[in-house]
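As C-alpha cells, the structure follows; a few thoughts come after it.
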Amino acid sequence: MKDHIEELLIQALLHLQRDGVLPKGQEIAPQVERSRSAEHGEFASNLAMVLAREAGRSPRELAQEIINRLPNSRQVERTEIAGPGFINFFMNRCALYGVIKDVLRDGKRYGHAIARRRQRVTVEFVSANPTGPLHVGHGRGAAYGASLAAILEAAGHIVQREYYVNDNGRQMDILATSVWLRYLELCGEQLRFPHNGYHGEYIYDIARLARSEVGDKWRFPGQNVLDDLAPDGPGGQAEVHIDALIERARTLLGDSGYRTFFDAALDTILKDIHDDLSEFGVEFDLWFSELELERSGAIQHAIDRLQQNGHLYVKDGATWFRASALGDEKDRVLTRENGRTTYFASDVAYFLNKLERGFEHAIYVFGADHHGYIARLQAAARGLGEDPESLEILLVQFAVLFREGEKVQMSTRSGHFITLRELREEVSSDAARYFYVMRSHDQHLDFDLDLAKSRSNENPVYYIQYAHARISSVFRNLDQMDLTHNIPIGEAALDLLGEAHELELMRAISRYPEVIESAARLRAPHILAHYLDLLATEFHAYYNAHQFLVDDENLRNARLNLILAAQRVLADGLGLLGIAAPEEM
RNA sequence: GCGCCCGUAGCUCAACUGGAUAGAGCAUCGGCCUUCUAAGCCGACGGUUGCAGGUUCGAGUCCUGCCGGGCGCGCCA
C-alpha cells in the first residue's frame, strides 16, 4: 500500500516538473510514512514541506498543487492538507481487503520483496575463536546476525552468512598445548597445569578423545616437558611460561604430533560450535578458515595491494600500514619483526577476499568491545582502493543475565561463564532467539531468565506463538463442527469485515512489507520483533471480541480468510527470527 | 587523558534516521471465563525525553558544552 502512495506521488511530481512548478531533472524520493493517529489518515507525506522552498510556494499551497495532480486511485478514499503542509491519505477499505487477498495468494512471498537496489552482501557474525564453547555473549551476536541475514534476504538481497574461523593464532597454540598437557595427565604423568592454559573440563574430553585414537604415542615424562622452562606465575611471567610450553610441545611432538592435538582440539570444538548454533537455528553458508587465508596467499595478496597503493613502510623490522593517514588513530603492523603476519593483516585480506568473491557489501557483526575495529578496517578499505562504504560494522551491545532480579555474574577468566547451550536448555531456543533481538542492537540488553522461561502472557514469545496456535485451533474446531473454509467465498464477502477489530488487524497485516523493508534498511530485527507482538495483540483482541465460527457462511469465510492471513504473517515473521510457529500449545 | 556507544513513565524498552497530541509491556488499581485455548481480553494511573544552550516552519532525534553509565585505546587473539 505504501508503495502505491509513493508511486502516486512520483507521478504527481513528474507532472509538477513538466508544469514548471518544480525544477526539472531532480531525483524524486517521496517521503511517505504511516500516520500515528487515525485522524490523519493511513499515510502522510511531508513532501510539500520539503519542496516548498525550491518551488517558491508555501507548503500548503504546494500541497494543493500536488494533490491536484495525483492520479486517481481506487485505493485512496480521499486526501487532505493538514497542519503546516502534510498531505494525508485516507485509504479505502478495498485497499485493506486487497491485502488479505495478497497474503493468501502470495503465501510465503507476501511481504518479501525484490529490493530496489539489490545487493550481494555477506554477513559475518559470531566468528568466536574455536577455543571453547560459545557463551551467552556470543548468543546475541548469533541471534542478531542470523535474524538480520534472514531479513535482508526477505527484503530482496542476496545474502551469504559467514563464520570466520580463527584457527591460526597464539590462542590456538595455547589450546593445542593445553590439550596435550591434559593428555599427559590422562597417561599418568604428573604436571602442574599452566596458569594461562585453558582450564575448562572440555579440554579433558578432547584429550581423552585424542588418547583413544593415538594411545600413549605422544606421552613424554613430565619432567622432560617442564625441564628448564621459564617459571609460571601471575602476570607477564605466565605469558612467557605458556609460550615456552608451546615451543616445548612443538619440539617434543614434531609436526605430526603437534597437529594431532591441534586438529583434535580444533575439530572437536568447531563441531561443537556448529551443532550448538544449528540447534539454535543458526546456519552458515561458509566457514572461512584464517589458516586457509594464509596458505592461499591471500594475505600476501592484500599486503601487495597496499604496497602498490603506497601505504606501507618498514620500521623496526616490521611492515606497517599507514592507517593514520586514512582515518585511523594510529598506524598498524602487518608483518611483525619475526616475519609473522598480524591478525590485522588477516582481517584486511579477508575483507578483500569478500569483495573478490563478488560481494559489493560486507557486513560485520561484532561485540561492542570491538568498536576499535571500525576505524582500522575502514582505513584498510581505503588503502586497498575500495569504497569504505562497502564495509559496514554493526556493534551488538552486551547482554546481562538476570535471575530472580539479580544480575548473574560471569567472568571468562575464572572459567565461570554460562554457555549458550546452558541458556538454551534453560529457557528454550525460541525464547532465547526472541529475547536476544527484542531490543535494538545498540542498546544494552537485560535478559530476564525467569521471564524468558515463564509460560505466561507476560512472556512475549509465548504471547506471539499463542496467537499462531490459537488460529490453528480455530481451524481444528472448524473440522470438528463439520464446517468448511472456502477461500473464494470468503474473498467475495470481504466487505462484510467492517468491525473496528477487523480493520485494525487488516491494517497491521498491511504493514508487514514496510516492516521488513525498514528492519532490513535499519539493520534492526527488533522492529520485526515488536511488530509481531503488535500483530499478536491485534489478533487476540479480535479473538476476544468476535466469534469466527459463525453460521453465516459468507461472514465465516471472510473472517477465516482474515485470520488465516494473520497466521501466515505470524509464521513468516517468526521464521525470520528463527522461532517456531507451533500449531498447538 | 583521547575515542566510540548509551541516557525516554517506578522498572525494561519503542518512536519507521527532523514531523502532528512521545507509545508498549511489567508493576499498581479496577473489571471479563456455561461461547473458537484465560499462555487471552477491557479500563485507570503514570513524562520538563539527564542538564544548559544552539540550528528551523518543527528537535527524543542534528550541533556545542556539562553530568552520569558502558566499552576500547598491544609487533594480543
Side-chain angles (χ1 to χ4, degrees), chain A residues 2 31-37 39-40 44 46 49-50 52-53 58-59 82-86 88 129 131 166 168-174 239 290 315-320 329-330 332-338 340-344 346 367-375 395 397-398 402 405 438-440 442-446 448 451 454-463 465-467 469-478 480-481 511 514-515 517-519 521-522 524 526-527 529-531 533-534 536-537 539-550 559 563 584-585:
Chain A
K2 187 178 169 188
Q31 296 179 36
V32 178
E33 52 184 36
R34 287 272 171 179
S35 302
R36 282 194 187 168
S37 84
E39 0 173 343
H40 298 129
N46 62 357
M49 278 136 56
V50 174
R53 193 184 295 265
S58 78
F86 288 105
N88 291 336
N129 285 348
T131 52
N166 238 263
N168 195 25
R170 178 163 166 268
Q171 292 305 318
M172 283 306 296
D173 286 324
I174 295 175
E239 299 291 333
E290 183 191 357
K315 192 181 95 182
D316 303 332
T319 303
W320 293 71
E329 53 189 34
K330 59 180 73 168
R332 306 286 173 182
V333 172
L334 291 172
T335 310
R336 282 179 278 208
E337 197 180 357
N338 65 13
R340 292 196 68 174
T341 53
T342 59
Y343 186 85
F344 176 64
S346 298
D369 54 336
H370 282 60
H371 67 245
Y373 280 57
I374 298 178
L395 298 178
Q397 298 292 324
F398 296 124
F402 283 82
M438 70 195 283
R439 304 300 180 213
S440 169
D442 55 15
Q443 199 71 244
H444 289 257
L445 174 71
D446 285 354
D448 186 336
L451 180 60
S454 79
R455 304 184 141 236
S456 77
N457 51 355
E458 296 162 28
N459 187 337
V461 190
Y462 285 101
Y463 183 78
Q465 289 183 317
Y466 183 39
R470 258 186 162 175
I471 296 169
S472 291
S473 174
V474 170
F475 282 96
R476 280 194 298 271
N477 281 305
L478 178 75
Q480 281 187 356
M481 293 165 72
R511 281 184 49 213
E514 297 155 40
V515 167
E517 189 278 330
S518 56
R521 179 168 40 86
L522 300 172
H526 77 274
I527 290 177
H530 282 277
Y531 166 79
D533 192 69
L534 177 127
T537 299
F539 169 74
H540 285 309
Y542 180 35
Y543 181 95
N544 271 61
H546 298 285
Q547 192 78 15
F548 310 140
L549 300 179
V550 293
R559 287 185 168 169
I563 65 170
E584 56 187 324
M585 291 172 72

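All values below were derived from every heavy atom in this structure, side-chain atoms included, with hydrogens, water molecules and symmetry-related copies excluded. A note on names: the letters A, B, ... follow the listed sequences, proteins ahead of strands, and every chain is numbered from 1.
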- Message: Could you check whether A:Arg170 pairs with A:Glu239 (Lys NZ or Arg NE/NH1/NH2 to Asp/Glu carboxylate O, under 4.0 Å)?
- Response: yes

Just the rounded figure in Å: distance from [atom2] of [N] to [atom1] of [X].
X: A:His444; N: B:rC11; atom1: NE2; atom2: P; result: 17 Å
X: A:Arg332; N: B:rC75; atom1: CZ; atom2: P; result: 8 Å
X: A:Tyr343; N: B:rG74; atom1: OH; atom2: P; result: 16 Å

How is [X] classified with respect to the nucleic acid when contacts are heavy atoms under 4.0 Å: base, sugar-phosphate, or nothing?
X: A:Gln171; result: sugar-phosphate
X: A:Ala368; result: sugar-phosphate
X: A:Gln547; result: base
X: A:His371; result: base
X: A:Asp316; result: base
X: A:Ala469; result: base

Protein heavy-atom contacts under 4.0 Å, written 5' to 3' over nucleotides 15-25 of chain B as B (base), S (sugar-phosphate only) or - (none), form the string SBB-BBB----

Taking a pair to mean Watson-Crick or G-U wobble geometry with both distances below 3.5 Å, B:rC32 pairs with B:rG40

Looking only at side-chain N and O atoms, does A:Lys330 come under 4.0 Å of OP1 or OP2 in B:rG3? no

Side-chain N or O of A:Gln443 less than 4.0 angstrom from OP1 or OP2 on B:rU12?
-> no

Side-chain contact check for A:Val333: nearest option of B:rC75, B:rU35, B:rC73 is B:rC75

Distance between the [atom1] atoms of [N] and [M], in whole angstroms?
N: B:rU48; M: B:rC73; atom1: P; value: 39 Å
N: B:rG46; M: B:rC11; atom1: C1'; value: 12 Å
N: B:rG18; M: B:rC63; atom1: C1'; value: 13 Å

For A:Phe344, the ring pair (Phe, Tyr, Trp, His ring centres under 6.0 Å) test, sequence neighbours excluded, returns none

- Does atom CZ of A:Arg476 have more than 12 heavy-atom neighbours, drawn from other residues, nucleotides or ligands, at distances under 6.0 Å? yes

The glycosidic conformation of B:rC5, counting syn as within 90° of 0 and anti otherwise, is anti

